Peer 1: 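Below is the structure I would like to discuss, written out as structure tokens.
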Amino acid sequence: MKIYVPLDSAARALGADQVAEAIAAEAAKRGVDAEIVRNGSRGMVWLEPLVELETPEGRKGFGPLLPSEAGQVFDGDGAKALGLVDELPWMAKQTRLTFARCGIVDPLSLAEYEALGGLSGLRRALGMNGEAIVDEVKLSGLRGRGGAGFPTGIKWDTVRLAHASQKYIVCNADEGDSGTFADRMIMEGDPFTLIEGMAIAGLATGATKGYIYSRSEYPQANAIMRRAIEIMREAGVLGAKVLGEGPAFDMELRVGAGAYVCGEETSLLNSLEGKRGVVRAKPPLPALEGFMGKPTVVNNVLSLATVPVIFEKGAQYYADFGLGRSKGTMPIQIAGNVKYGGLFETAFGMELGTLVNEIAGGTASGRPVKAVQVGGPLGAYLAPEKFGTPFGYEEFDRKEALIGHAGIVVYDDTTDMLGMARFAMEFCAVESCGKCTPCRIGAVRGVETIDRIARGDASAIPLLTDLCETMKDGSLCALGGFTPFPVMSALKQFPEDFATTAKEAAE
Amino acid sequence: MPRDFPQPTADEIETLIHSQLHLEGPLLPIFHLLQESFGHVPETAIQPIADALNITRAEVHGVMSFYHDFRNVPAGRHVVKICRAEACQSMGANALAEETLAKLGLAWHGTTANGNVTVEPVYCLGLCACAPAVMVGETVHGRVDGAKMDAILKEAGA
């Protein structure tokens, strides 16, 4: 019998290793020949460790499983039996394109990868010239999944048309935004798809070298990714000739060192070059003068990991999903104080409220939702009044919010929004690279100004508003430029948390 | 994994530095390798790095001090990283961190008197759907409450 026990970090954080040991012991005790496969996560974190048993009808789930409950898997039934995993509502409601294989396959089995469509996108791209590949990406409507939403095909075209002795593909895997873990999940659960996407980017642009810039906070993702690169190299997918027939493309993984700002692309490039992770002024665009001053594609993990399925199924297939100018699907990560947290990939357009109240089932604490923060530490807080907003780049923009890397963090009604606004400024002060004044000084003054409001000084409120305007307009990058989003959204939507008259009266 | 790190010799430092020089942008990989080998980036490595990369000592120091991860003295045998980012805060990470520090009588980045445990803040471990999250060495823990934290600290010998 074949039993799947996830190796995903979230599953391991909830005891998957102990469960795997218990299952091996149970198999020995029962004298059963059991093959235990360590797969990625299906994304249902509240069910982790989610163990699956392969049966003729499909894979049956058991979770969240304790080591003491290992027997249920062998009995095929028990209190933690969930039935067929693909039929669970969370799975059945999704459109899994980027995450099609994640949680299904052994992450380091190239045979399983190919059996489920892997490498067919790269094979198709090998038969096309650079311009045709770029046109396919443009047609798919794929936009930067890191948050900026810039059309991926246009970025690739700029690099393709640049003349240089060397070009690079750099994958931004510095997933520092709280509430996001899709990059980690794909690197742990289906690493080959990221490599395939980077190889296709190489074919499109004429780049022969790729780098993944990952995080030191993700040791397991890094280990799996490194091994996956070796396997792809040994199999001849990467190397002097891509798949034995194309031009050269090889890659390596680099690890950052705990600086949040290195998720900003120019800061990332400096870090990769061995410098302080200080933001560069644009222009020049990295597409023209990027890593080592050469034309460089810098794309997020999810953008690159989505490229293979676009080439496998066709650009039009992908573009037919979505809403308006937000085409395709988005792996949405639901986290924080939620009943059902995890990764939910769906076409753009689902209303925020549906995601929070139906998919995520409201809060874990059972209390009312006060606000959700979408897009990480630089994303706006949205009160339930804005839950009618469809999930899309422009739709969120119109509400003075952003989808960012599609992480949703849910907060219940015990949350102090002034405290959250203060944290946003404090985080910006700690993580600022120091290059531009609005961010470096503004964030420090922001903390002080919010502290004045907390002490009951109403005159500090217009000052905070003014400071946010300056940071927004005057900062070089999104760190200083977007920190005002959480701060101002908290101030505007939850004035009662910033109310100073009551405190003054009380004093 | 508990480890007591050896005092590096000049030769060892040279060997490690030179093992990375074939890379494009080798400075961060050099720091990582030194820290992995010795638990910190030794002061005695700064000049050899500057010489190998043909940059100034000030530049080497400037890069090293930019990044939160790199240490100029070794940490305790176990580094307990408590996530302080928003998703963990929504599930009580602030209280967990305060209790833990108070229990150990430490401030952030402090090390217990027996040298076993250093407590550090971290901003996101990517375990946001099973918050609050903690990482000890490379081992991750989700939905950490007071009792779970006590078990973690006990195992680490705090």
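Just so you know, these numbers use all the heavy atoms, side chains as well, and skip hydrogens, waters and symmetry mates. Every chain is numbered from 1 and lettered A, B, ... according to where its sequence line falls, protein lines coming before strand lines. This structure is a prediction, so every number in the text was calculated from the model and none was measured.
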Peer 1: For the residue pair A/E48 and B/C130, establish whether any side-chain heavy-atom pair is separated by less than 4.5 Å.
Peer 2: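 The answer is no, as the side chains (C-beta and beyond) never meet within the 4.5 Å cut-off.
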
Peer 1: Rounded to the nearest 0.5 Å, what's the gap from OG on B/S90 to CG on A/D412? Could you check?
Peer 2: 8.0 Å

Peer 1: With only heavy atoms counted, which part of A/A364 is less than 4.5 Å from chain B, the side chain, the backbone, both or neither?
Peer 2: side chain

Peer 1: Should A/R184 and B/L127 count as side-chain neighbours, where that means a heavy-atom distance under 4.5 Å?
Peer 2: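 Yes. Closest side-chain heavy atoms under 4.5 Å.
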
Peer 1: Measuring heavy-atom distances to chain B, does A/T415 have an atom under 4.5 Å in its side chain, in its backbone, in both, or in neither?
Peer 2: neither

Peer 1: Does either side chain, that of B/E24 or that of A/Y168, offer a donor lying less than 3.5 Å from an acceptor on the other one?
Peer 2: yes

Peer 1: Against chain A, label B/E59 side chain, backbone, both or neither, depending on which of its atoms sit under 4.5 Å from a heavy atom there.
Peer 2: neither

Peer 1: Listed by residue number, which members of residues 104-124 of chain B have a heavy atom under 4.5 Å from any heavy atom of chain A?
Peer 2: B/V122, B/Y123, B/C124

Peer 1: Counting only heavy atoms closer than 4.5 Å, note whether B/L23 contacts chain A via side chain, backbone, both or neither.
Peer 2: both

Peer 1: Does any backbone or side-chain atom of A/V409 lie under 4.5 Å from a heavy atom of chain B? Answer side chain, backbone, both or neither.
Peer 2: side chain

Peer 1: Less than 4.5 Å to any heavy atom of chain B: does that hold for the side chain of A/M420, its backbone, both, or neither?
Peer 2: side chain

Peer 1: In residues 271-279 of chain A, which residues are in contact with chain B at a heavy-atom separation under 4.5 Å?
Peer 2: A/S271, A/L272, A/E273, A/G274, A/K275, A/R276, A/G277, A/V278

Peer 1: Check whether A/E188 gets within reach of chain B through its side chain, its backbone, both or neither, counting any heavy atom under 4.5 Å.
Peer 2: neither

Peer 1: At what distance, to the nearest 0.5 angstrom, does CG of A/D177 lie from SG of B/C128?
Peer 2: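 The distance works out to 9.5 Å.
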
Peer 1: Treating B/H68 as the side-chain partner and A/A257 as the backbone partner, does any N or O pair qualify as donor plus acceptor under 3.5 Å?
Peer 2: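 No, the answer is negative, given that no donor and acceptor are paired below the 3.5 Å cut-off.
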
Peer 1: Out of curiosity, A/S216 OG to B/M135 CE, how far, rounded to the nearest 0.5 Å?
Peer 2: 7.0 Å

Peer 1: How long is the straight-line distance from CD of B/E138 back to OH of A/Y218, given to the nearest 0.5 Å?
Peer 2: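 Separation between the atoms: 14.5 Å.
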
